Amino acid sequence: MRSWQRRLIAATGSAAAALGLVMLPATTAHAACTTYYVSSSSGSDSNDGCSSSTPWQTISKVNSTTFTAGNQILFQDGGSWTGELQPQGSGSSGSPIVISDYGSGAAPILNGGGAAATVYLKDQQYWTVQNLEITNPASSAAVRSGVQVQNTTSGTLNGIHIVNNNIHDVKGNWVSDQPSRSAGIGFDVTDGNTTSAWNDVLLQGNTLTHADAAAIY
């Protein structure tokens, strides 16, 4: 969770306590189908997303769903989306959650639009991200990634495969320590957790151009 979000939640919780209110945690819907389709041109978030004839439309809908082992999230070829993709849940060994494409034509474009990351996975494992065009341009440099994977736990997270993506024009910035949160593809662990680690990371067939401050870190 970003530090500003923690401060906002803490402030909101304090105000609620003063008023004697009970704060319920935000929840996400759990995946009901195996494969989900997303189309920027013909989709609707009121659809069930379970077939190419009833696709979802927005990244927000994907982000509000908790996916499970074996699920697929398929973006339509030729489509384009802007914003941070942060789907929830984890896969399992031999049954990852896969983000990929469907249809024919140019690869689907995910444009972070200056967000901290275009694709963001935090404390999650067994995900495959493939066959996408990923970009994150902005008017000025900042700590910013194309694909950002974070481990803030004290343990090992497994099975992150990033394959056959075109990652370009990420307007990142070299910070004082290292560009683990500002790269075309960045893997980051919390410095205080000396036992944090990654296992079974596959980076294969990706093309990276104009990705700051590092291509892969």
Side-chain angles (χ1 to χ4, degrees), residues 31 33-65 67 70-88 91 96-121 124 126-139 141-142 144-149 160-172 182-187 201-217:
C33 303
T34 300
T35 301
Y36 286 87
Y37 299 82
V38 190
S39 170
S40 59
S41 60
S42 62
S44 170
D45 287 350
S46 62
N47 289 338
D48 60 17
C50 295
S51 73
S52 58
S53 60
T54 58
W56 290 339
Q57 185 176 44
T58 69
I59 284 177
S60 296
K61 184 66 174 180
V62 178
N63 291 349
S64 66
T65 303
F67 298 93
N71 282 165
Q72 295 187 78
I73 308 160
L74 305 182
F75 290 87
Q76 186 177 32
D77 288 327
S80 180
W81 293 262
T82 300
E84 184 174 86
L85 176 64
Q86 188 182 354
Q88 305 301 306
I97 301 170
V98 176
I99 303 174
S100 190
D101 67 323
Y102 76 98
S104 60
I109 300 171
L110 301 185
N111 184 335
T118 304
V119 179
Y120 180 57
L121 299 174
Q124 294 162 270
Y126 299 112
W127 281 81
T128 297
V129 180
Q130 63 184 21
N131 302 332
L132 305 174
E133 181 176 345
I134 296 170
T135 185
N136 200 357
S139 58
R144 182 179 292 119
S145 293
V147 179
Q148 174 65 216
V149 190
I160 302 296
H161 295 182
I162 303 173
V163 180
N164 296 335
N165 300 287
N166 176 14
I167 302 171
H168 63 90
D169 296 292
V170 178
K171 192 69 171 178
S182 195
I185 301 172
F187 282 76
V201 170
L202 174 65
L203 307 178
Q204 184 177 56
N206 300 289
T207 299
L208 295 100
T209 53
H210 301 290
D212 296 326
I216 299 170
Y217 197 98

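Please read these numbers as outputs of a predicted model, since none were measured by experiment.
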Would you say [X]'s side chain and [Y]'s backbone share a donor-acceptor pair under 3.5 angstrom?
| X | Y | value |
| --- | --- | --- |
| N63 | L85 | no |
| D101 | D77 | no |
| N71 | I97 | no |
| N206 | N165 | yes |
| D45 | Q57 | yes |
| N136 | S145 | yes |
| Q88 | Q86 | yes |
| R144 | A117 | no |
| S42 | S39 | no |
| N47 | G49 | no |

Kindly give the heavy-atom pair with the smallest separation between [X] and [Y], and that separation in Å.
| X | Y | result |
| --- | --- | --- |
| G184 | V170 | CA-CG2, 4.4 Å |
| I162 | V147 | CD1-CG1, 3.7 Å |
| S182 | G172 | OG-CA, 3.2 Å |
| G79 | S40 | CA-OG, 3.4 Å |
| Y37 | S51 | CD1-C, 3.3 Å |

Check: W81 ring centre within less than 6.0 Å of F75 ring centre: yes
Residues E133 and H168: side-chain donor-acceptor under 3.5 angstrom: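 The answer is yes; a qualifying pair exists.
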Verdict with supporting geometry, V38 and V62, side-chain contact (heavy atoms from CB on, under 4.5 Å): CA-CA 8 Å; V38 190; V62 178; 3.8 Å; yes
Stepwise side chain to side chain donor-acceptor pair (under 3.5 Å) test for D48 and T54: CA-CA 6 Å; D48 60 17; T54 58; 2.8 Å; yes
Derivation of the ring-ring contact (aromatic ring centres under 6.0 Å, His included) call for F187 and Y217: CA-CA 6 Å; F187 282 76; Y217 197 98; over 10 Å; no
Chi angles and distances behind the side-chain contact (heavy atoms from CB on, under 4.5 Å) call for V119, L110: CA-CA 8 Å; V119 179; L110 301 185; 4.1 Å; yes
From T82 atom OG1 to I59 atom CD1, the distance as rounded to the nearest 0.5 Å: 7.0 Å
Residues forming a ring pair (Phe, Tyr, Trp, His ring centres under 6.0 Å) with F67, sequence neighbours excluded: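 With sequence neighbours excluded, F67 shows a ring pair (Phe, Tyr, Trp, His ring centres under 6.0 Å) to Y36, given in chain and number order.
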Step-by-step side chain to side chain donor-acceptor pair (under 3.5 Å) determination, S46 to S44: CA-CA 5 Å; S46 62; S44 170; 2.8 Å; yes
Derivation and outcome, side-chain contact (heavy atoms from CB on, under 4.5 Å), residues Q130 and I99: CA-CA 6 Å; Q130 63 184 21; I99 303 174; over 6 Å; no
By side-chain hydrogen bond (donor to acceptor under 3.5 Å, both in side chains) - contacts of T209 (at least two apart):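 Checked T209 against side-chain hydrogen bond (donor to acceptor under 3.5 Å, both in side chains); zero matches.
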Side-chain heavy-atom pair L208, I185 within 4.5 angstrom cut-off: yes
